[in-house]
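Scroll down for the structure; my scribbles are underneath it.
Remember, it's a predicted structure, so these values are computed and weren't measured experimentally.
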Protein chains: 2
Amino acid sequence: MDTQNTLTTPGEGPLYMQVRKLLTQRISNGAWPPGHLIPSEIKLAQELGVSQGTVRKAVDDLVSNNVLVRHQGKGTFVAIHDTRRALFHFFPMVGDDGQRVLPDSRALSVRRLRAKKSEAQALGLQAGARVIRIERTRDLNDQPTIVESIVLPAASFPELGKSGSEPLPNTLYELYEERYGITIHRAEEQLRAVAASARDAKLLGIEPGAPLLEITRLARTLNGTPVELRVSRCLTRAHHYQSSFV
Amino acid sequence: MDTQNTLTTPGEGPLYMQVRKLLTQRISNGAWPPGHLIPSEIKLAQELGVSQGTVRKAVDDLVSNNVLVRHQGKGTFVAIHDTRRALFHFFPMVGDDGQRVLPDSRALSVRRLRAKKSEAQALGLQAGARVIRIERTRDLNDQPTIVESIVLPAASFPELGKSGSEPLPNTLYELYEERYGITIHRAEEQLRAVAASARDAKLLGIEPGAPLLEITRLARTLNGTPVELRVSRCLTRAHHYQSSFV
DNA sequence: GAGTGGTCTAGACCACGCT
DNA sequence: GCGTGGTCTAGACCACTCT
């Protein structure tokens with residue numbers, strides 16, 4: 001552990017970026033876990049030998065990226081994946097009336113097997129590496145609406161899916177964070193329209209060939225490591241995918 | 001015109017928010033059109049009787065919302081809708097290889113008629129108000145890929161669609177900006193999977209019932225006024241909708 | 001009252017683009 | 001060389017939370 005600050009070296013870019021990098025490291029290496037109260041701006045400034053304004057700029061940056069959360073009068077905390085956050089940040093399906101609904105999930109199977117070529121490539125694993133595959137359906141407003149297939153690197157989730165382990169929670173990202181210390185910070189999604197397979201149709205109670213919205217998501221940790229590949233096929237009769245941009 | 005600054009009144013929230021609001025007004029009322037070089041931070045600070053840091057914070061905010069663009073050594077400019085910006089900010093369809101492609105558009109019809117109820121509601125118009133409806137198809141990599149229907153309030157686009165007017169350009173948002181002084185700043189989209197109609201199928205060269213990605217977009221100006229309602233039905237065989245979030 | 005983040009100021013120096 | 005934004009500092013006061 002380098003207890004010495006390395007913020008004195010020039011040529012490493014702006015000071016506040018170095019501070020930002022240092023804070024990011026402390027978060028992603030687990031020194032400051034989710035929910036942790038980090039030192040005050042004054043303390044950090046003294047510790048690092050910079051002004052409060054410089055620390056503030058670094059913190060501003062991380063707050064706008066949803067990595068830190070400020071609470072006036074209390075302090076600054078590492079962001080946490082409560083159900084609300086997971087719902088608002090990582091679940092883009094919304095009722096046609098605009099209401100957000102918490103999905104109900106039912107796991108069909110959890111298996112440990114070897115990655116397909118495309119899965120290994122997306123997750124940055126060796127060909128044939130061990131993965132966990134979760135198959136489940138999700139209800140929205142008590143209607144079966146989503147068929148989901150999730151692939152995780154087995155090495156990062158040691159116990160998951162072994163016989164006798166507890167049932168899967170509704171929001172997996174909370175599980176990743178609490179049980180495995182893995183926090184999802186960003187994700188990229190690809191959307192396509194596909195025809196329902198016989199299996200999709202059976203699970204969703206629709207006719208084969210009906211149009212479904214297919215979402216392929218690659219989720220990453222703070223430092224960019226991909227940790228989850230998820231394919232969701234969604235019925236969009238009473239719900240839709242919500243997106244907005246500036 | 002109030003040439004007098006009203007930044008002295010307390011109880012109106014933080015100073016930098018008042019500055020931000022004032023800058024926003026000057027942009028959205030046309031005093032500072034797209035591409036305009038705005039006064040330097042120092043000048044603005046003097047003019048408004050605040051410190052440079054306060055102006056800077058307001059400008060920071062508008063830059064992060066893509067309203068202003070800074071160029072070190074040159075100044076700060078009102079953001080402009082060149083083709084590149086339109087493509088990167090407002091066209092989320094990407095080739096399956098990850099390459100962005102500029103679509104080729106062919107207008108089928110441009111008509112002036114009365115708004116349907118749902119259209120009037122979305123655009124905030126009176127029932128039965130006059131609108132312009134544009135129907136077109138768009139090619140991606142020389143393949144017919146998108147069938148699009150666009151509805152605009154006729155009152156805001158006086159000449160458009162009248163007989164003898166020039167052909168529509170590829171990127172409409174440039175036209176809105178250059179010809180009508182209307183700049184699109186944000187948009188909300190709803191995505192669904194739908195089955196191709198007979199018309200869709202004919203235009204795209206596919207069989208009826210094939211799954212299409214339907215994107216319903218409501219585009220707004222800086223001050224939030226909705227100005228365009230667009231429904232795009234996209235073939236997602238070689239392309240997909242790209243989305244990412246933190 | 002003590003400690004925290006939130007706002008605001010005044011001034012310094014650097015990096016960049018223009019002329 | 002001058003004016004621009006980009007970074008950094010030091011210090012002030014306010015609003016909020018907790019004890």
Side-chain angles (χ1 to χ4, degrees), chain A residues 5-24 26-27 32 34-80, chain B residues 5-24 26-27 32 34-80:
Chain A
N5 314 318
T6 54
L7 296 188
T8 47
T9 29
E12 303 270 3
L15 256 185
Y16 75 89
M17 286 300 285
Q18 298 177 44
V19 174
R20 189 200 132 108
K21 189 173 176 183
L22 191 148
L23 300 181
T24 304
R26 291 191 184 175
I27 294 164
W32 289 346
H36 182 77
L37 170 63
I38 77 170
S40 74
E41 295 174 354
I42 301 270
K43 296 252 181 63
L44 282 170
Q46 290 168 345
E47 179 193 347
L48 304 178
V50 300
S51 78
Q52 184 188 356
T54 300
V55 172
R56 173 155 270 267
K57 191 159 181 178
V59 172
D60 279 345
D61 220 86
L62 293 173
V63 167
S64 76
N65 283 291
N66 297 312
V67 175
L68 296 175
V69 179
R70 290 196 221 260
H71 288 293
Q72 191 178 50
K74 292 164 72 174
T76 301
F77 300 80
V78 179
I80 197 167
Chain B
N5 314 317
T6 55
L7 296 188
T8 47
T9 28
E12 303 271 4
L15 256 185
Y16 74 90
M17 286 300 285
Q18 298 177 44
V19 174
R20 190 201 131 109
K21 190 174 176 183
L22 191 147
L23 300 182
T24 303
R26 291 192 184 175
I27 294 165
W32 290 345
H36 182 77
L37 169 63
I38 76 170
S40 74
E41 295 174 356
I42 300 271
K43 295 251 180 65
L44 283 170
Q46 289 168 345
E47 178 193 348
L48 304 177
V50 301
S51 77
Q52 184 188 355
T54 299
V55 172
R56 173 155 272 267
K57 192 161 180 178
V59 172
D60 278 346
D61 221 84
L62 293 173
V63 167
S64 76
N65 283 291
N66 296 312
V67 176
L68 295 176
V69 179
R70 291 195 217 261
H71 288 292
Q72 192 176 49
K74 291 165 72 176
T76 301
F77 300 80
V78 179
I80 198 167

In DNA chain C, consecutive runs of at least three Watson-Crick or G-U pairs below 3.5 Å, as range with range, amount to C:1-18 with D:1-18
In whole angstroms, how far is the P atom of D:dG3 from the CG atom of B:Leu44?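 Going from B:Leu44 (CG) to D:dG3 (P), I get 17 Å.
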Residues A:Val78 and A:Pro34: closest non-hydrogen pair is CG1-CA, 3.7 Å
Residue pairs passing the ring-ring contact (aromatic ring centres under 6.0 Å, His included) test where at least one lies in residues 57-76 of chain B, sequence neighbours excluded: B:His71-B:Phe77
Any pair with a residue in residues 38-70 of chain B that passes ring-ring contact (aromatic ring centres under 6.0 Å, His included), sequence neighbours left out, goes on the list, sorted by first then second residue, please. none
Output yes when at least one side-chain N/O atom of A:Lys43 is less than 4.0 Å from OP1 or OP2 of C:dT4, else no. yes
Give a yes/no answer on whether the side chain of B:Ser40 brings an N or O atom under 4.0 Å of OP1 or OP2 in D:dT4. yes
Taking side chain to side chain donor-acceptor pair (under 3.5 Å) as the definition, give me every residue that meets it alongside [X], ordered by chain and number, with sequence neighbours left out.
{"X": "A:Asp60", "result": "A:Arg70"}
{"X": "A:Ser51", "result": "A:Thr54"}
{"X": "A:Gln52", "result": "A:Glu41"}

Sequence neighbours excluded, which residues qualify as salt bridge (Lys or Arg N to Asp or Glu O under 4.0 Å) partners of A:Arg20?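 By the salt bridge (Lys or Arg N to Asp or Glu O under 4.0 Å) rule, A:Arg20 matches A:Asp61.
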Protein-proximity profile, nucleotides 6-19 of chain C, B/S/- by nucleotide at the 4.0 Å heavy-atom cutoff, equals BBSB-----BBSS-
Under the rule for side-chain contact (heavy atoms from CB on, under 4.5 Å), what residues qualify as partners of A:Ser40, not counting sequence neighbours?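 In terms of side-chain contact (heavy atoms from CB on, under 4.5 Å), with neighbours along the sequence ignored, A:Ser40 is linked to A:Ile42, A:Lys43.
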